[in-house]
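What follows is a set of notes on a single structure, which appears directly below.
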Amino acid sequence: MKRVLLRIAYEGTAYSGFQIQPNAPTIQEAVEEAILQVTGEKTEIMGGSRTDAGVHALWNVAVFDTNSPIPGEKFCYALNGHLPEDVRILASTEVPEDFHPRKCDSTKTYRYQIETGRIYNPLQKNFYHFTYQGLDVEAMQKAAKYIEGTHDFKSFCSAGAQVSTTVRTVYEVKVEKEEEKVLITVKGNGFLYNMVRIIAGTLMEVGYGRLAPEKLPEIIEAKNRKAAGPTAPAKGLILLQYDIDNMPGIL
């Protein structure tokens with residue numbers, strides 16, 4: 001028996017998130033079916049980030065156990081032949097049998113993508129949240145700095161999250177403007193349910209002038225979901241990178 005680590009990329013538009021759901025297509029289901037087709041083994045993959053319905057990923061990770069003689073680094077090629085076109089294994093490797101992506105120190109980087117302008121680009125409709133309202137990027141940048149650090153992010157967590165603590169460390173929040181696009185990049189050691197989308201929604205409220213940047217400390221201190229802004233739509237969110245400590249460059 002060996003454990004194989006996968007780097008998974010996917011367009012989340014057609015899926016009800018990463019984790020198995022009853023009567024709905026998910027990324028986990030698609031990958032497990034591919035493993036069954038390749039190895040003949042029914043197995044359960046253990047994912048790193050359980051992204052929500054409609055959220056995309058360039059770099060999510062998962063592990064599974066197998067008795068297959070296929071080398072770990074070859075699984076990416078074998079599985080891709082049995083996956084739908086909007087899901088791909090970009091790399092694979094064998095890891096220690098006790099390795100679990102959610103039980104190790106890691107850094108996750110998300111990006112929320114916003115398109116501004118008078119009319120949205122239909123070729124980007126699945127990957128950008130469109131708003132015709134202007135955004136004050138400088139104000140958003142000021143507000144973003146208050147989010148960085150170790151805080152109790154209960155105000156940025158949707159109801160229903162089953163966690164032992166809502167304290168998280170956010171290493172960096174960047175807000176950048178590229179022509180008519182505004183990109184929010186958030187890097188941290190872990191995120192609560194809908195946390196990045198709530199951060200994005202709150203920063204957009206600042207950008208619209210509805211919320212002063214200096215209000216962010218009060219929102220964090222409130223520890224109340226109602227204090228923060230709305231949850232931004234899922235389609236603008238991408239899991240960009242999943243870095244595992246002490247295993248640099250493994251994928």
Side-chain angles (χ1 to χ4, degrees), residues 2-21 25-39 41 43-66 68-97 99-113 123-124 126-128 171-172 183-191 196 234-251:
K2 62 187 175 189
R3 180 159 289 189
V4 177
L5 174 65
L6 306 174
R7 175 184 170 186
I8 311 173
Y10 46 88
E11 179 187 346
T13 305
Y15 298 91
S16 295
F18 183 91
Q19 193 171 13
I20 289 284
Q21 302 288 333
T26 64
I27 303 301
Q28 181 179 353
E29 179 185 33
V31 175
E32 289 179 357
E33 178 61 28
I35 294 171
L36 176 62
Q37 294 299 317
V38 169
T39 67
E41 300 168 332
T43 187
E44 179 180 352
I45 65 172
M46 294 165 278
S49 181
R50 291 171 283 193
T51 52
D52 299 336
V55 173
H56 317 292
L58 181 60
W59 192 326
N60 203 346
V61 297
V63 294
F64 70 96
D65 296 325
T66 180
S68 171
I70 299 173
E73 68 273 12
K74 298 295 185 182
F75 263 101
C76 56
Y77 306 107
L79 295 177
N80 283 335
H82 298 274
L83 284 167
E85 291 185 346
D86 47 9
V87 182
R88 278 295 174 269
I89 309 301
L90 299 186
S92 60
T93 190
E94 187 173 346
V95 292
E97 292 184 10
F99 174 79
H100 193 301
R102 292 200 304 274
K103 296 179 180 179
C104 62
D105 293 332
S106 61
T107 300
K108 303 172 186 68
T109 304
Y110 283 89
R111 183 171 69 200
Y112 196 84
Q113 304 187 144
L123 300 183
Q124 297 173 341
N126 290 338
F127 304 100
Y128 285 80
Y171 303 125
E172 184 179 39
L183 308 176
I184 302 170
T185 304
V186 185
K187 181 183 295 187
N189 68 349
F191 295 96
V196 179
K235 67 179 182 178
L237 185 60
I238 300 175
L239 175 54
L240 278 185
Q241 195 159 337
Y242 198 119
D243 293 308
I244 301 167
D245 292 1
N246 301 320
M247 300 176 74
I250 193 165
L251 294 180

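Small disclaimer: the values here were computed from a predicted structure and weren't measured.
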key: CA sep, side-chain torsions, deciding dist, call: Phe64, Ile35, side-chain contact (heavy atoms from CB on, under 4.5 Å)   = CA-CA 9 Å; Phe64 70 96; Ile35 294 171; 3.7 Å; yes

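A donor-acceptor pair under 3.5 Å is formed between the side chain of Arg3 and the backbone N or O of Phe99. Remark: side-chain polar atoms of Arg102 are paired, donor with acceptor, to backbone N or O of Gly47 under 3.5 angstrom. With hydrogens and angles disregarded, a donor-acceptor distance shorter than 3.5 Å links the side chain of Gln28 to the backbone of Ile20.
Asn60 and Leu239 make their closest contact through CG-CD2, 3.7 Å (heavy atoms, listed as atom of the first residue, atom of the second, distance). A pairwise comparison of heavy atoms in His56 and Thr13 identifies CE1-OG1, 3.5 Å as the closest pair. Ser49 and Tyr110 get closest at one heavy-atom pair: OG-OH, 2.7 Å. Nearest heavy atoms, His82 versus Gln37: ND1-CB, 3.6 Å. When all heavy atoms of Leu58 and Ile238 are compared, the closest pair comes out as N-CG2, 4.1 Å. Between Ser92 and Phe75, the closest heavy-atom pair is OG-N, 3.4 Å.
With a 6.0 Å cutoff to the six-membered ring centre and a 45° limit on the axis angle, Lys108 counts as a cation-pi contact of Tyr242.
Side-chain contact check for Val87 versus Ile8: some heavy-atom pair is nearer than 4.5 Å. With contacts defined as side-chain heavy-atom distances shorter than 4.5 Å, the pair Asp243/Ser106 does not qualify. Between Val31 and Leu83, some side-chain heavy-atom pair lies under the 4.5 Å cut-off. Annotation: side chain of Thr107 is not in contact with side chain of Ile244 (no heavy-atom distance under 4.5 Å). Between Asp105 and Asn189, the closest side-chain pair of non-hydrogen atoms is not below 4.5 Å. The closest side-chain heavy-atom distance from Val61 to Leu6 is not below 4.5 Å. With contacts defined as side-chain heavy-atom distances shorter than 4.5 Å, the pair Asn80/Arg88 qualifies.
Between the side chains of Thr51 and Tyr10, at least one donor N or O sits under 3.5 Å from an acceptor N or O. Using a 3.5 Å distance cut-off with no hydrogens or angles, the side chains of Glu41 and Thr66 do pair a donor with an acceptor.
The environment of Tyr171 atom OH is dense: over 12 non-hydrogen atoms of other residues, nucleotides or ligands sit within 6.0 angstrom.
Atom CD of Gln21 and atom CD1 of Ile27 lie 11.5 Å apart (nearest 0.5 Å). Note that CG of Asp65 is 10.5 Å distant from CD of Glu44, once rounded to the nearest 0.5 Å. Note that NZ of Lys235 and CZ of Phe127 are 10.5 Å apart. Values are rounded to the nearest 0.5 Å. Interatomic distance, CG of Leu90 versus SG of Cys76, reported as 8.5 Å (0.5 Å rounding). Remark: Glu94 CD to Lys2 NZ distance equals 5.5 Å, nearest 0.5 Å.
Applying the salt bridge (Lys or Arg N to Asp or Glu O under 4.0 Å) test to residues at least two apart or on different chains, none of the pairs has a partner in residues 72-87.
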